[in-house]
Each structure stands twice: as structure tokens, then as C-alpha cells.
Student: 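If you scroll down you'll find the structure; I have some questions about it.
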Amino acid sequence: MSFRLITSQKSTPDADRLAVSLLAEARAAQSAGDHAQMTEVILAAIDLDQASPGSPRLMDEIRGLRYPAAA
């Protein structure tokens, strides 16, 4: 699977959709134990974070997948 990077300084609807898609892919890869897919998702998330410096960091969300939600 390949991801199209949106290069914009601020969050756009396309960048938001890409972030949601990447987060879903990260959840699926983590559940399946697919390390190759997770690596692709992480690299795409890093690119998206760098291209959107004013937006929430997707890598923070992906890192948070490892931790249970606080009650």
C-alpha cells in the first residue's frame, strides 16, 4: 500500500483524511502483528507530521495505541 503525502503548512481536509486512514492502518497492522505495514505507516505519519507543523502530531496518536485508555 502506498500513501499520498499532502504537503501543506496547515491542516487540510485531505491531510485530515490521510491521518485518519493512517491511524486505521496502524491499528490494523498492530492487531495483525504486521511489522512491515506498521513501518510503512510510521514513515508516512512522520512525513505527514513534518508537512503539517501546525497540526496535531499523528505519531503521538500512533504511539498512544500501545497504551490502554485511562479511565
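If you're wondering where the values come from, they're calculated on a predicted model, not measured in any experiment.
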Student: When rounded to the nearest 0.5 angstrom, what distance separates CG in Asp47 from CD1 in Ile42?
Tutor: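 Separation between the atoms: 12.5 Å.
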
Student: Roughly how far, to the nearest 0.5 Å, is CG of Leu48 from CG of Leu43?
Tutor: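 Reported value, rounded in 0.5 Å steps: 12.5 Å.
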
Student: So, for Asp49 and Met59, which heavy atoms are closest and what is the spacing to 0.1 Å?
Tutor: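 Where Asp49 meets Met59 most closely, the heavy atoms are OD2-N, 3.0 Å.
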
Student: List in chain and number order the residues that pass side chain to side chain contact (heavy atoms under 4.5 Å, CB included) with Leu65, two or more places apart in sequence or in another chain; answer none if no residue qualifies.
Tutor: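 Side chain to side chain contact (heavy atoms under 4.5 Å, CB included) check on Leu65 returns Leu23, Ala26, Arg27, Gln30.
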
Student: Are Val20 and Leu18 linked, directly or through intermediate hydrophobic residues, by side-chain heavy-atom contacts shorter than 4.5 Å (ILVMFWY only)?
Tutor: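 The answer is no; the residues belong to distinct hydrophobic clusters.
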
Student: Can you tell me how far CG of Asp14 sits from OG of Ser21, rounded to the nearest 0.5 angstrom?
Tutor: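 Those atoms lie 12.0 Å apart.
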
Student: Out of curiosity, Leu22 CG to Glu61 CD, how far, rounded to the nearest 0.5 Å?
Tutor: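 Those atoms lie 12.0 Å apart.
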
Student: Looking at Glu25 and Gln37, what are the two nearest heavy atoms and their distance?
Tutor: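 Minimum heavy-atom contact is OE1-NE2, 3.2 Å.
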
Student: Which atoms form the tightest heavy-atom contact between Ile62 and Ala45, and what is the distance?
Tutor: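 Smallest interatomic distance, heavy atoms only, reads CD1-CB, 3.6 Å.
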
